[in-house]
Amino acid sequence: MTFYAQNALNGLAYGSLLFMIAAGFTLIFGLMRIVNIAQTAFFLIGAYVGLTLLHAGVPFWIAAALAGAAVMAAGLLIYRVFLHRYHADELTALLLTLGFALMLDDLALAAWGGDPQSVPPPAAFASSVQLGPLVFPAYWLALIVLSALAAVGLRLLERRTMLGAVIRAGVDDEEMTRGLGINIDRAFYVVFALGAFLAGAGGVLGSPITGAYPGLDGDLLPLAFAVIIIGGIGSLEGAYVGSLIIGLVSTFGKALFPELSYFTIFVPVAAIMALRPQGLLGRKR
Amino acid sequence: MTGRRAVLAAAAVGAAVVAAAVPSLGLPQYYISLLTQTWIFGIAAMSLDLLVGFTGLVSFAQAAFFGTSAYMIAVLATQYHLVAFWPALGIALGTTAALAALFGLLALRGEGVTFIIITLALNEIVWGLAYQWVSVSGGDNGIAGFVRPPVFGLDLSGTAAFYRFTLAALLVCLALLAAIVRSPFGLVLRGVRDRPRRMAALGYAVQAFRYAAFVIAAVFTGVAGVLFAYYNEFVGPVNLSLDTAVQILIMVILGGVGTLLGPLAGAAVVVFVSNALSNLTQRWELILGAIYVAILLFARGGLVGIGHRVARVLGAATRGAGPAARPVMSPPPGGRGEP
C-alpha cells in the first residue's frame with residue numbers, strides 16, 4: 001500500500017511539472033494553431049537561466065519569475081519575427097519551431113556546457129514531510145499545489161476575463177472575431193508570451209525534480225505530446241488531466257517495469273488513439 | 001519531350017557511373033565513408049519524401065523504422081546467429097513493416113497536426129524501448145560484434161566494396177520510388193495530398209492510401225536502417241532517436257519536398273555539413289538549424305527549387321519550367337484550402 005501511495009504522489013508531482021509545459025502548448029495551439037515544438041526547449045532554457053540566477057544568490061521564487069520573463073522575452077521575439085506570419089500554415093509553423101528548438105538546444109549547450117546539473121529546492125521546502133507511513137519531499141507537494149493553482153488560474157483567465165473571452169472567440173472563429181473589431185492579434189501575443197512564461201518558469205520550478213542537462217528538452221517532448229494526445233489538443237482541462245495521467249503512468253511504469261517504463265506510456269496513448277482520437281476532453285474538429 | 005527524357009536518362013546513367021567510380025579516384029577513405037552515409041540517408045530521406053512530398057503526411061516516426069530494422073540485423077546476428085544477408089534483410093524489413101502497420105493504424109487516427117504529434121510520440125516510445133530494454137538492446141551501449149556478411153558472394157568488408165553496394169541499393173530504391181510516384185497509385189497519393197475530400201468523393205479510400213504510403217515508406221527506410229547497421233557494424237539508441245528522425249526530415253526539406261532527388265541532395269548536405277563543420281566548430285547544430293530555418297523562410301522549394309530558380313535566371317530552362325518542384329509545401333491532410 002505504501003508503495004502505491006508513494007508512487008502516486010511521485011506521479012502527481014511529475015505530472016504537475018508536465019502541466020507547466022503542456023498548458024502553454026495547448027493554449028498556443030488552441031488559439032493560433034501553432035504546434036510549438038520549442039516548448040520543452042523553453043523549459044530547458046528556463047531551468048538553466050534559473051540555475052544561473054540561483055548561483056548568483058537570487059531567491060528561488062524570484063529566479064523562477066525572472067527566468068520565466070527571460071524565456072517570455074525570447075519567445076516573443078521568435079513569435080514576432082518569425083512565427084506570427086504562419087498562423088494559417090500549421091506545417092510551416094511546426095517545422096519552424098522545430099528549427100528553433102534545435103538552435104536553442106545547441107545554444108544552451110554552448111552557454112551552460114554538457115554536464116548534468118542538479119538544482120536544490122527552495123530552502124523553505126528542502127525538508128521532507130511525514131504523511132503517515134510515507135516520507136515525501138515537501139517541495140514535491142508544493143509543486144503539486146502550485147501547478148493546481150496555475151491550472152485554476154488559467155481556467156479562470158479563460159472563462160472569467162475579457163482576454164479569455166477574446167481567446168475563446170478566436171479559437172471558435174477567428175475571422176468573425178476580427179470582424180467584430182476585436183484586436184485578436186494582441187491576444188495572440190499575450191497567449192504566446194503566457195505559454196513561454198509558463199514553460200520558462202516551469203523549467204525553474206521543475207528543475208529540482210528533473211535537474212538540468214542537455215537533452216532534457218528532447219526527453220520531455222514526447223511526454224508533453226503524450227499529455228496533449230490524451231487530454232485533447234487545445235483543451236486546458238485536458239492538458240491538466242493528461243499531465244496527471246502521464247505523470248502517474250510513467251512513475252508507476254518506472255517502479256513496476258523498469259526495463260519497459262518508457263513503453264508503458266504507449267498504453268494510454270494507444271488506447272486514446274483507438275477509442276477517442278480527439279483526446280479525453282478535446283473537441284472534434 | 002523524348003529528347004529531354006533521353007538527355008535526363010543519359011545524365012542519370014552518367015552520374016551513376018561517376019558515383020560508382022569514386023572509390024577508384026584515390027579519394028581519402030573518409031570521403032568515401034561520408035558518401036556511403038549520404039547514399040544510406042538518401043534512401044531514408046527519399047522514402048520520407050514519399051510521405052511528406054507526395055502524400056502530404058509529415059512523419060517523425062521514420063527513425064523508429066530506420067532503427068528497428070538496424071536493431072533487428074544486430075539482434076539476429078548476435079543473439080540468434082543469423083548472419084546471412086538475405087534472410088536477415090527479410091526478417092528486418094518484415095518486422096519494420098509490421099511495426100509500421102501498427103503505428104499507421106494509430107497515427108492515422110489523427111488528422112493533420114495530430115498525426116505529426118502521434119508519430120513523434122510513437123518514435124520516442126521505440127527509442128525508450130531500445131534505451132531501457134537492456135537485455136535485448138544493450139541499452140545505451142548498443143550492440144556491436146557483428147560484421148558485414150557477403151552478398152552474392154561479394155566480400156563487403158572493404159570501404160570501396162560496401163560503398164558500391166550502398167550505391168547500388170540507392171539506385172534500386174530510387175528507381176522503385178520513382179516508379180511508385182509515377183504509377184497510378186502515386187497519382188492517387190498526390191490527389192490525397194492536395195484534395196483529400198474531393199478524392200474521397202471520387203470514391204478513393206483516402207485513409208487506405210495514406211496507410212499504404214506510410215507502410216511503404218517505412219519499409220524503404222528499413223532498407224536504409226539495414227545498410228546503416230552494416231555500415232557501422234554497430235547499432236545504438238541514437239539510430240532511432242528523435243534527433244535522427246529530425247535529421248531525416250531536415251534532409252527532405254533542405255533538398256526540396258516532393259522531388260525524390262532533392263532529399264538525396266539534402267542528405268548529402270546534412271552528412272557533409274555536419275561532419276565538415278564538426279571539425280571546425282562545435283556549433284554545427286546551430287548552423288544547420290539556421291540553414292534549415294532560412295530554407296523554410298526563403299526557399300520553400302529547397303535546393304531543387306533554388307536550382308530551378310538559378311536555371312531560370314540563367315535562361316537554361318528554355319522549354320517550360322520542366323517538372324518543377326512544388327513551390328509551396330502541401331497543406332496537412334484535412335487542412336485548409338479545401339475543397
Side-chain angles (χ1 to χ4, degrees), chain A residues 25 29 33-35 37 82 85-86 88-96 98-107 109-110 215 218-219 221-229 232-233 250 253-254 257-267 269-270 272-279 282 285, chain B residues 52 56 58 60 102 105-114 116-118 120-137 139 241-243 246 249-250 253 282-297 300 328-332 334-337:
Chain A
F25 189 93
F29 181 82
R33 306 199 62 81
I34 293 174
V35 176
I37 294 198
F82 299 101
R85 279 178 285 167
Y86 293 102
D89 188 351
E90 294 172 15
L91 184 56
T92 306
L94 182 150
L95 294 172
L96 275 174
L98 172 67
F100 289 112
L102 290 176
M103 288 195 273
L104 287 174
D105 202 41
D106 205 44
L107 280 173
L109 184 64
D219 287 353
L221 189 63
L223 294 174
F225 276 17
V227 165
I228 298 299
I229 295 169
I233 190 162
S250 69
K254 271 182 205 136
F257 321 102
E259 281 215 317
L260 301 173
S261 68
Y262 222 89
F263 194 65
T264 49
I265 301 165
F266 180 71
V267 177
V269 169
I272 287 288
M273 283 327 298
L275 302 172
R276 205 178 153 78
Q278 73 270 37
R285 287 180 193 282
Chain B
V52 177
V58 174
F60 278 94
L102 174 66
L105 281 182
L106 294 172
L108 284 168
R109 299 276 296 178
E111 285 270 301
V113 171
T114 316
I116 301 176
I117 294 177
I118 298 165
L120 192 150
L122 292 173
N123 194 81
E124 284 304 282
I125 285 153
V126 179
W127 174 84
L129 205 55
Y131 190 70
Q132 292 179 325
W133 199 6
V134 179
S135 54
V136 171
S137 67
S241 67
L242 184 59
D243 287 349
V246 166
L249 185 63
I250 287 180
I253 288 163
Q282 289 188 310
R283 297 280 74 80
W284 63 270
E285 249 179 84
L286 189 67
I287 297 169
L288 201 59
I291 297 175
Y292 161 81
V293 167
I295 290 265
L296 272 176
L297 289 175
R300 297 302 297 274
V328 182
M329 220 170 285
S330 52
R336 293 160 195 204

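Worth saying up front: this structure is predicted, and the values here are computed from it rather than measured. Convention: sequence-line order gives letters A, B, ...; per-chain numbering from 1.
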Mind checking whether V113(B) and R33(A) have side chains closer than 4.5 Å, heavy atoms only? no
Name the member of T114(B), V246(B), V136(B), L105(B) that forms the most heavy-atom pairs with chain A at distances under 4.5 Å. V246(B)
Nearest 0.5 angstrom please: L296(B) CG to Y292(B) OH, how far? 4.5 Å
Region of Q282(B) in contact with chain A, defined by heavy-atom distances below 4.5 Å: backbone
Nearest 0.5 angstrom please: I116(B) CD1 to L95(A) CG, how far? 7.0 Å
Using non-hydrogen atoms and a 4.5 Å limit, figure out which bit of Y86(A) sits close to chain B: side chain, backbone, both or neither. side chain
Just give me the residue among L94(A), V35(A), L223(A), L98(A) that pairs up with chain B most often, heavy atom to heavy atom, under 4.5 Å. L98(A)
Side-chain donor-acceptor pairs under 3.5 Å in residues 122-132 of chain B, sequence neighbours left out?
unit_1	atom_1	unit_2	atom_2	d
N123(B)	OD1	A64(B)	N	2.6
N123(B)	ND2	L240(B)	O	3.2
E124(B)	OE2	L242(B)	N	3.3
Q132(B)	OE1	S261(A)	N	3.4
Q132(B)	OE1	S261(A)	OG	3.0
Q132(B)	OE1	Y262(A)	N	2.8
Q132(B)	NE2	S261(A)	OG	2.9

Atom group of V269(A) that falls short of 4.5 Å from chain B, counting heavy atoms: neither
Using modelled atom types only, decide if a donor and an acceptor are shared between the side chain of R109(B) and the backbone of P277(A) within a distance under 3.5 Å. no
Relative to chain A, which segment of S241(B) carries a heavy atom at a distance below 4.5 Å: side chain, backbone, both, or neither? neither
Out of A101(A), A226(A), A274(A), return the one with the most heavy atom pairs under 4.5 angstrom to chain B. A274(A)
Heavy-atom proximity to chain B below 4.5 Å, by part of L96(A): both
Which distance, rounded to the nearest 0.5 Å, do you find between the CD1 of I229(A) and the CD of Q278(A)? 13.0 Å
Does any heavy atom of chain A fall under 4.5 Å from the side chain of L288(B), the backbone, both, or neither of them? neither
Select one option (side chain, backbone, both, neither) describing which atoms of I37(A) are under 4.5 Å from chain B's heavy atoms. side chain
Tell me, for L260(A) versus chain B, whether the close heavy atoms (under 4.5 Å) come from the side chain, the backbone, both or neither. both
For I287(B), is it the side chain, the backbone, both, or neither that has a heavy atom closer than 4.5 Å to a heavy atom of chain A? neither
For D243(B), give me all partners under salt bridge (Lys or Arg N to Asp or Glu O under 4.0 Å), at least two apart in sequence or on another chain. none
Does E285(B) form a side-chain contact (heavy atoms from CB on, under 4.5 Å) with L109(A)? I'd like the steps, not just the answer. CA-CA 10 Å; E285(B) 249 179 84; L109(A) 184 64; 5.8 Å; no
Do you know which of I233(A), I228(A), I34(A) makes side-chain contact (heavy atoms from CB on, under 4.5 Å) with F29(A)? I233(A)
Counting heavy-atom pairs under 4.5 angstrom with chain A, the leader among A290(B), G110(B), G139(B) is A290(B)
